[in-house]
Amino acid sequence: MKKKVIHIADNLEIKFEPIIKITTGNIYGVDIKLSGFEKLGFDSKFHCFNELKNEGLLSSFLLLLWDNIFKKYNQIKIDNLYLFYKFDTCYIPNYQSYFKKFVKYLDQYSIKNDLIYIYFGNDHSNFYYEDSLVKATKFFKELGFNVRIDGFGNGFSTMKLLYNIDVSCILLDSFYINNLSKTSKKRFFSTYLTRISHQLGIKVIAKSIKNKSEFLTCKDIGIDYVKGIFIQKAQENPNKIKDCYTHIKKICNTDKRIHEENKIKDKYIETIKPMNHNTKFHKVFEYFKNNANITIIPIVDEKDQLVGVIYEEDIKELSYSKYGSELAKNSSMSGKLMKFVKTAISIDKDWGVDKMLDLYSSLADDSTKGIFVTYEDRYFGYISLNNLLVLSHERNIEIAKNQNPLTKLPGNNIIQKYLKYAFNELDHNIYHIVYFDFNDFKPFNDIYGFRLGDRAILLFSELLRKYLTNDEFIAHVGGDDFFVGFKNIKYEDVYKKIDNIQKIFKNEVSSLYNIDDINRGFIVAKDRFGIQREFALLSVAAAIIELTKINLKYNNIENKFDTILGTIKKISKSIDTPIGVSIVYKN
């Protein structure tokens, strides 16, 4: 082996960037980062690889490099830690032979194949033509590796890949993560990509997390794993990689934004003993024979992660045959268990009831009998179809209890919880709270009756739903009072939205009046003192309160908030446009 290869491999900086579970702060795996190419006289990694390739030295260099990587990886004293490796497809056309040698290196260092994630970048378009990627993915999966799509949502990492190839997870492109908490369109796309990935049984990793607000937004969206400088920058010293990142764990423990009523209660989760995917096939027969009331077997790997499910009905023909049991013990059936394993619909226990029911309704068909539950990446249990129906019924009752019966919008209990969470998040977020109140609603009710009064309220609730997005929290305080919460949106944008809704409502609600009142521009009714006078046609007042915080310590937030709210609501009744105030809490 040439000295040049040894010199480069031994002098490159090998760093590990931690990837953590977003709901716990526990480490999941490490991404390999190489640096130091410039010090060795190369413009970049690609310059180095191209030069070695042209000299016929690349394959030997990469294997030597991996020797160094594995030595450092084994210094990280964390069991079952995933190692993510980027496969530069343009450099190794005969990758099958290369990876057979690669596997021998894994054996030499006692590293299991299923702890390796092979991922493809989106910078080599030639590899995505025809079925090259499909064949490569199948090859890696057969070797026991996991596969990840990198930079998903950008370049050649398109939705078509999710359809064509079998991957374990995707890495969202950093474009979607940068300023994620402040950009509603990015949140929409990230939520969509995460949701469709979960529906396909694919985990989602977010990269380049720089601060707490981005972390919490990713957590809200339902992203599974994160990495970035907010967690820990890439480390050259393997001993600095931690099994749990306490600052993240603390955030997770104090982040109580999932309502208690939306949590999946353990009493609905059945404990069905799983079977390891390397179990001999005849053990499946014994399992069903010894558990007559069970018709499914969850299949897990060495890390207790859910691989799939075996249905009793799928092996009935073999099990009921005259020699079925003996045939299953035959050496020719050894290792055939995975042939009968089917994809299982699964959710993380932390997702909550709403997301679980949404996922089930999207994926379930007539053959689906329930949904599997994982917790901290391990198989946890199973929710039967009957329990799903019970959970759905209970959730509907809970929602009905906490929503306005007329508009079906969240009511006061949910509003108070929303405000509580908003106050607890002001260290990295800005909230805008908007209170709407109809002007001269009582005289309208007195003249036109409660039926048309309800129509006016419904009209306004429909306008809120139409002109605001799913990112905004819309609620009905009661009567003619409404509430909207905006998170991390500029005041100017909030103002424009609210002003637009006020104008549209004033125009559209006029259709509820008779022609004479419309022409006059007012109605005549008694005021609260019983005196007959003129009242303007219906409109809505809007008071905007901006909540932010410069310092971490603050006192009596709720009391200050209520006092200012009362004042600004009173002022808003006298003008036709929104009125806003900013509350900044200082030491």
Side-chain angles (χ1 to χ4, degrees), residues 17-20 22-23 25 31 33 121-123 149-155 157-159 169-198 203-234 245 247-248 251-252 255 257 418 421-434 467-473 484-498 544-552 580 582 584:
E17 183 179 23
I19 299 171
I20 65 159
I22 199 168
T23 54
D31 239 334
K33 302 292 181 184
N122 57 11
D123 45 4
I149 299 177
D150 205 34
F152 191 79
N154 186 31
S157 297
T158 64
M159 295 296 290
C169 71
I170 64 170
L171 180 78
L172 283 183
D173 188 74
S174 57
F175 167 80
Y176 296 104
I177 305 304
N178 185 32
N179 288 322
L180 176 67
S181 59
K182 300 177 182 178
T183 312
S184 58
K185 188 177 287 188
K186 287 187 177 182
R187 289 197 300 275
F188 170 80
F189 276 99
S190 298
T191 301
Y192 173 75
L193 292 173
T194 300
R195 178 176 176 179
I196 196 170
S197 297
H198 285 164
K203 302 292 186 181
V204 180
I205 303 174
K207 64 186 291 189
S208 304
I209 304 299
K210 298 183 293 298
N211 52 55
K212 182 179 178 181
S213 61
E214 287 181 352
F215 174 84
L216 287 174
T217 305
C218 287
K219 189 169 182 287
D220 284 340
I221 287 171
I223 287 169
D224 303 286
Y225 310 104
V226 290
K227 64 174 186 168
I229 59 173
F230 182 67
I231 289 83
Q232 186 184 34
K233 67 179 182 179
Y245 289 81
H247 68 294
I248 300 298
I251 292 172
C252 295
D255 179 34
R257 291 167 298 160
Y418 180 87
Y421 300 142
F423 288 131
N424 288 334
E425 288 188 329
L426 293 182
D427 51 346
H428 284 91
N429 298 282
I430 294 176
Y431 279 83
H432 289 93
I433 307 301
V434 184
Y467 290 99
L468 298 178
T469 71
N470 290 333
D471 289 330
E472 280 92 58
F473 173 71
V484 175
F486 296 85
K487 180 180 177 181
N488 293 328
I489 296 180
K490 294 179 181 179
Y491 175 82
E492 294 83 354
D493 296 333
V494 173
Y495 185 95
K496 288 177 183 177
K497 289 187 177 187
I498 301 308
I544 306 172
I545 299 181
E546 181 180 82
L547 297 175
T548 185
K549 183 159 73 73
I550 295 175
N551 298 306
L552 296 178
S582 179
V584 180

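The structure displayed is predicted, hence computed values, not measured ones. Heavy atoms only: backbone and side chains are in, while hydrogens, waters and symmetry mates are out.
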Decide yes or no for Tyr491 and Thr548: does some side-chain heavy atom of the first lie under 4.5 Å from some side-chain heavy atom of the second? no

Heavy-atom nearest pair, Lys497 first then Phe486, reads CD-CE2, 4.0 Å

Does one side chain, of Lys210 or Asn178, offer a donor that lies under 3.5 Å from an acceptor on the other? yes

Answer whether the closest heavy-atom distance between the side chains of Glu472 and Ile489 falls below 4.5 Å. yes

Give, for atom CD1 of Ile223 and atom CZ of Phe215, the distance between the pair rounded to the nearest 0.5 Å. 10.5 Å

Check: Lys203 and Ile205 side chains under 4.5 Å, non-hydrogen atoms: no

To the nearest 0.5 Å, what is the distance between CD1 on Ile149 and CD1 on Ile170? 7.0 Å

Side chain to side chain, Tyr418 and Ile433, heavy atoms closer than 4.5 Å: yes

Could you work out, with side-chain contact (heavy atoms from CB on, under 4.5 Å) as the rule, every residue matching Lys207, not counting sequence neighbours? Leu171, Ser174, Lys227

Taking side-chain contact (heavy atoms from CB on, under 4.5 Å) as the definition, give me every residue that meets it alongside Phe188, ordered by chain and number, with sequence neighbours left out. none

Taking only residues two or more places apart in sequence, or in another chain, which ones meet His198 in a side-chain hydrogen bond (donor to acceptor under 3.5 Å, both in side chains)? Asp224, Lys355

Could you check if a side-chain atom of Ile221 sits within less than 4.5 angstrom of a side-chain atom of Leu180, using non-hydrogen atoms only? yes

Non-hydrogen side-chain atoms of Lys219 and Cys252 separated by less than 4.5 Å: yes

Give the C-alpha distance, both sets of side-chain angles, the deciding distance and a yes or no for side-chain contact (heavy atoms from CB on, under 4.5 Å) between Leu426 and Leu547. CA-CA 7 Å; Leu426 293 182; Leu547 297 175; 4.0 Å; yes

Between OG of Ser190 and CG of Asp220, what distance do you get to the nearest 0.5 Å? 12.0 Å

Gap separating the CG atom of Leu216 from the CD1 atom of Ile251, nearest 0.5 angstrom: 6.0 Å

Residues which pass side-chain hydrogen bond (donor to acceptor under 3.5 Å, both in side chains) with Tyr245, listed by chain and number, not counting sequence neighbours: Gln232

Any heavy-atom pair between the side chains of Lys487 and Tyr431 that's under 4.5 Å? yes

Whether His247 side chain and Phe230 backbone form a donor-acceptor pair below 3.5 Å: yes

Can you sort out the partners of Lys496 under salt bridge (charged side-chain N to carboxylate O under 4.0 Å, His left out), two or more places apart, ordered by chain and number? none

With Phe189 via side-chain contact (heavy atoms from CB on, under 4.5 Å) - residues at least two apart: Tyr176, Lys185

Restricting to non-hydrogen atoms, name the atom on Glu214 and the atom on Asn179 that form the minimum distance, rounded to 0.1 Å. OE2-N, 3.1 Å

Minimal heavy-atom distance between Asn211 and Ser213, with the atoms involved, is OD1-OG, 2.7 Å

Cation-pi geometry met for Lys186 and Phe175 (6.0 Å, 45°): yes

Inter-residue atom distance Ile20.CD1 - Ile248.CD1, 0.5 Å rounding: 4.5 Å

Decide yes or no for Cys218 and Ile177: does some side-chain heavy atom of the first lie under 4.5 Å from some side-chain heavy atom of the second? yes

Rounded distance [0.5 Å steps], NE2 in His432 versus CG in Asp493: 9.5 Å

